[in-house]
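Single-structure report; data block below.
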2 protein chains.
Amino acid sequence: MVGMTNTDRPRRCEPTRQAILQAARERFACEGYDRTTIRAIAADANIDPSMVMRYFGNKEQLFAAAAKFDLHAPDLSETPPEERADRLVRHFIRLWEGDLADSSLQILLRCALTNETAAERMRLIFAEQVIPLVTTGIDPDEAVERSGLVASQMLGLALCRYVLRLPAVVALDSERLATWIAPTIRRYLTEPRAPIPSAREIQAGNDFLNGKPAN
Amino acid sequence: MVGMTNTDRPRRCEPTRQAILQAARERFACEGYDRTTIRAIAADANIDPSMVMRYFGNKEQLFAAAAKFDLHAPDLSETPPEERADRLVRHFIRLWEGDLADSSLQILLRCALTNETAAERMRLIFAEQVIPLVTTGIDPDEAVERSGLVASQMLGLALCRYVLRLPAVVALDSERLATWIAPTIRRYLTEPRAPIPSAREIQAGNDFLNGKPAN
DNA sequence: ATTGTAGGCCAACATCTGTTGACATGTCCA
DNA sequence: TGGACATGTCAACAGATGTTGGCCTACAAT
């Protein structure tokens, strides 16, 4: 039995295991990967630090276990693309508002910037859960591009509102927020690809790049 | 002279000082606050770790010095709101693409999630530089709300493309990116406030929240 | 030449971190 | 009763990190 972790078979020590996991999630979510210490997690779970090691091997594997989660994304394959945006935005805002229980997003956002495991998992979740979510019924060639745009807005929202807590973004109530963001997502999902910029826009852009003043 | 740092008066040791600052910026930008060590910075600058302390007091103050920067935002007060979005988006994309010299954004983004000084500075920059940038010529009552929305999209873009490096977002060439993002920003800046959602949208939202299936 | 001082280096400190191994306890089965 | 094994505690190690103080060297002013 030497070298065998308790991860392997079902046990009645699950309560302890869950206590560790929950403590880990909270710590990782609000302090990031580096500032979270095994000792602090153990203290939160009222056990000895060495127990954490026995249950999860090492910090990295503990994080992997704590960051394993599902988006719980709704099945939108039946929803026409025009409505999809509204449902998507409202779904995630609602999910994130009730952040007490599920801090998965915070964990990933806060850790992905310094921990490579977290970053990799973020890309994985994006590839496996976001792209398919957005893809159904959309030209597959365009799906990746559109998903990226959707992600940029949705993650930006999550970042400003729930992690950085920029006052201006926190102040908006969730309904108004959805009303602002949903059309953006709808456009990223449905607007014909490669919209041609107007001549005026091109000119403005070029002028700007060449240092000409406005007007 | 005891207790006096070299910060106070002009010196001919500026080269060393600058070397430290540059090394610090690079480390902070790509490894975040916690993973960046004084020793590593010192090694990059080819000096002794204790020199860093002498020049900047402590890690926190060094970070404060390294994270002091300006957005170099263009003056858009003369630009009509409709054009402002395009110029703004293109300005920042252009700034960020040439990231070799100026990694200011990466420093802030990567450190703001774990370091309170960085987070505070982020809010400050937002309040002092972003809001005014967007405000001119817009109803001041609406400026904060609109700025927040702009920030959510622009920071989300920066996050996905330059920090998380989500392949889907990295793949887009900058021109196409600007063409996608600019209309979003334009809407956030100019669309009449509190757009009323269509009856259908409200119904879809309620249905969804109540767990009804789509269609 | 002496001296004051700024710029720089070296060695060490105290602390914190992940991690390990030895030892105690408790529980279930033979 | 006794032993196997899971569950948990204690103490410690080894390495890294921020930080400090002492010492050396160059050099300009006296």
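In what follows, every chain begins at residue 1, and chains take the letters A, B, ... in the order their sequences are listed.
- Separating the CE atom of B:Met51 from the C1' atom of D:dG18 is a distance of 16 Å, rounded to the nearest angstrom.
- Across C:dG18, C:dC10, C:dG8, the shortest atom-to-atom separation from the side chain of A:Lys59 is found for C:dG18.
- In summary, the side chains of A:Glu31 and B:Thr114 do not present any donor paired with an acceptor at a separation below 3.5 Å, with no hydrogens or angles considered.
- Closest to the A:Ser50 side chain, of the nucleotides D:dC10, C:dG7, D:dT20, is D:dC10.
- In this structure, B:Glu142 places its CD atom where more than 12 heavy-atom neighbours from other residues, nucleotides or ligands lie under 6.0 Å away.
- Taking the six-membered ring where the residue is Trp, A:Tyr188 and B:Trp180 present perpendicular rings, their angle passing 60° and hence far from 30°.
- Side-chain contact, A:Glu26 with A:Gln22: a donor N or O sits under 3.5 Å from an acceptor N or O.
- Distances shorter than 4.0 Å separate some side-chain N or O of A:Tyr55 from OP1 or OP2 on D:dG8.
- With rounding to whole Å, A:Phe56 atom CZ is found 15 Å from C:dG18 atom P.
- Annotation: proximity of residues 33-42 of chain B to DNA chain D (heavy atom, distance under 4.0 Å) is found for B:Thr36, B:Thr37, B:Ile38, B:Arg39, numbered in ascending order.
- Two residues are said to be in side-chain contact when any heavy atoms from C-beta on lie closer than 4.5 Å; B:Leu164 and A:Leu155 meet this criterion.
- Across the protein-nucleic acid pair, A:Arg54 atom CZ and C:dA22 atom C1' stand 11 Å apart, rounded to whole Å.
- Between B:Glu14 atom CD and C:dG7 atom P the separation is 10 Å, expressed in whole Å.
- With rounding to whole Å, A:Asn58 atom CG is found 5 Å from C:dT19 atom P.
- Under the 6.0 Å distance and 45° angle rule, A:Lys68 does not count as a cation-pi partner of A:Phe63.
- With rounding to whole Å, B:Asp48 atom CG is found 16 Å from D:dC24 atom P.
- Looking only at distances, no side-chain donor or acceptor of B:Arg17 sits under 3.5 Å from a matching main-chain atom of B:Phe56.
- To the nearest angstrom, C1' of C:dG7 lies 16 Å from CG of B:Asn46.
- Computed from coordinates, the B:Met53 CE to D:dT17 C1' distance equals 11 Å when rounded to whole Å.
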